Protein chains: 2
Amino acid sequence: MQDALRSHIERKIPLTDEEFAATMPFFHVRKLKRRQFLLQQGEVCRYESFVVGGCLKSYHTDERGDDHILRFSVEDWWAGDLDSFLHHTPSTISIEALEPVTLLVIDQPGLEQLYREVPKMETFFRMLNENALIATSRRVIADLSLPARERYERFLTTYPQIAQRIPLKDIAAFLGITPVFLSRLRREQAGF
Amino acid sequence: MQDALRSHIERKIPLTDEEFAATMPFFHVRKLKRRQFLLQQGEVCRYESFVVGGCLKSYHTDERGDDHILRFSVEDWWAGDLDSFLHHTPSTISIEALEPVTLLVIDQPGLEQLYREVPKMETFFRMLNENALIATSRRVIADLSLPARERYERFLTTYPQIAQRIPLKDIAAFLGITPVFLSRLRREQAGF
DNA sequence: CATTTCGCTGAACCCAGGTTAAGAAATCCG
DNA sequence: CGGATTTCTTAACCTGGGTTCAGCGAAATG
């Protein structure tokens with residue numbers, strides 16, 4: 001399990017055994033059952049969580065009660081609300097397990113101390129956030145410039161593995177359309 | 001002008017005179033006239049640019065030729081395409097001066113060397129990207145959950161200064177609606 | 001295994017926001 | 001300054017996607 005984290009980190013930046021040994025104690029294991037919450041909208045997000053196994057959705061619930069999914073986190077991804085985590089403000093999202101989930105979590109004081117003790121880990125998180133920023137910016141572009149059907153097609157090709165594991169209504173909540181309409185898109189698509 | 005950059009950095013992290021002196025040479029000044037491009041979609045983005053004065057828009061042009069504005073960068077903000085800058089890939093956005101602009105720019109080898117020579121600057125850019133990620137994620141939430149009129153109202157209250165300086169058609173391109181429709185929103189709003 | 005619940009589909013109808021066009025206002029530039 | 005260009009507004013009409021409701025199969029729950 002620690003292996004999963006180590007090889008994940010080393011995909012960006014090599015670590016010595018000592019560095020990894022110094023890093024590991026800052027993390028601890030957490031398990032969630034299906035439908036259990038890692039974070040509920042309104043709470044302060046205390047942990048950044050590395051997903052060892054399983055799948056979660058991060059979503060915002062608007063005033064009308066509609067859910068809007070920001071991202072799905074599967075093996076080798078991270079889950080958390082950075083704003084709430086860093087600034088100790090109530091989070092604007094909930095994070096919920098779609099499958100049984102195993103996590104390695106770190107809290108904010110821990111992360112800061114980790115940066116001091118293992119500077120390479122600051123570099124690692126810098127790169128991680130760079131990538132997250134790039135992915136999020138791509139999503140803004142797609143949301144602004146593509147109609148629903150193309151966002152759906154792009155989702156299918158970009159995350160084929162994820163698309164299989166996830167109910168249609170959650171994909172709809174991710175794309176920003178209703179399940180009814182997504183069902184319609186599928187049917188039309190099947191036509192050819 | 002260097003003062004602008006220094007106090008910008010020190011708003012996140014204090015620097016000694018030596019650290020700042022070591023930092024400054026990695027930046028150089030660049031000026032743009034109104035309508036001049038800092039980056040054109042398809043080019044590789046060679047610089048991260050700190051805005052000393054003026055205002056720019058970063059926008060994506062879709063296949064149909066429609067522009068979608070991702071952000072406006074004014075004094076004390078940054079402009080650039082992180083994905084293209086880091087990975088030397090053709091950029092998916094253009095960046096254009098809306099007013100005469102003064103920049104302090106740094107290239108990618110320079111930035112990497114800066115991280116090595118002044119580690120605090122890596123911390124600074126980590127924090128900078130954290131904030132950018134938070135802002136971009138907020139935007140995704142807003143795009144997914146708010147109708148056009150509320151996105152407009154939020155834009156007005158969040159960036160009142162910027163809203164003044166910018167033509168309506170650019171605000172529309174930022175909100176993802178047509179100028180015609182934005183004009184309609186304004187009229188209805190004026191009604192009360 | 002009976003039953004309630006939940007997710008998916010289909011069809012009819014509706015509305016926010018887009019499109020087109022044309023005039024008024026502002027801004028640019030010789 | 002005066003013509004040209006660009007921007008803003010208004011109005012009439014159009015469409016992508018939402019909403020509602022109904023039926024139906026697959027899971028969860030007892």
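None of the values given here were measured: they were computed from a predicted structure. In what follows, every chain begins at residue 1, and chains take the letters A, B, ... in the order their sequences are listed.
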Can you tell me how far apart CG (A:Asn131) and CG (B:Asn129) are? Round to the nearest 0.5 Å. 10.0 Å
State plainly whether the residues A:Arg64 and A:Asp66 are in salt-bridge range, i.e. N to O under 4.0 Å. yes
Its contact letters, B for base, S for sugar-phosphate only and - for none at protein heavy atoms under 4.0 Å, make nucleotides 9-19 of chain C read BBBB----BBB
Short N-O contact, B:Lys57 and B:Asp67, less than 4.0 angstrom: no
Would you call the rings of B:Trp78 and B:His8 parallel, tilted or perpendicular if under 30° counts as parallel and over 60° as perpendicular? tilted
A:Glu153 bridged to A:Arg149 by N-O distance under 4.0 Å: yes
Angle, rounded to 10°, between the helical axes spanning five pairs at each terminus of the helix from C:dC1-D:dG30 to C:dG30-D:dC1? 60°
Closest approach of A:Arg165 and A:Cys55, non-hydrogen atoms and distance? NH2-CB, 3.6 Å
Compare all side-chain heavy atoms of B:Arg30 with those of B:Leu38 and state whether any distance is below 4.5 angstrom. yes
Using a heavy-atom cut-off of 4.0 Å to chain B, what are the terminal contacting nucleotides of DNA chain D, in 5' to 3' order? D:dT7 to D:dA12
Hey, what's the ring geometry for A:Phe72 with A:Phe155, parallel, tilted or perpendicular (30° and 60° as the breaks)? tilted
At 4.0 Å (heavy atoms only), tell me whether A:Arg34 reaches a base, stays on the sugar-phosphate, or touches nothing. sugar-phosphate
Look at the rings of B:Tyr159 and B:Phe174 and say which category their plane angle falls in: under 30° parallel, 30 to 60° tilted, over 60° perpendicular. perpendicular
Output yes when A:Glu122 and A:Arg126 qualify as a salt bridge under the 4.0 Å nitrogen-oxygen rule, no when they do not. no
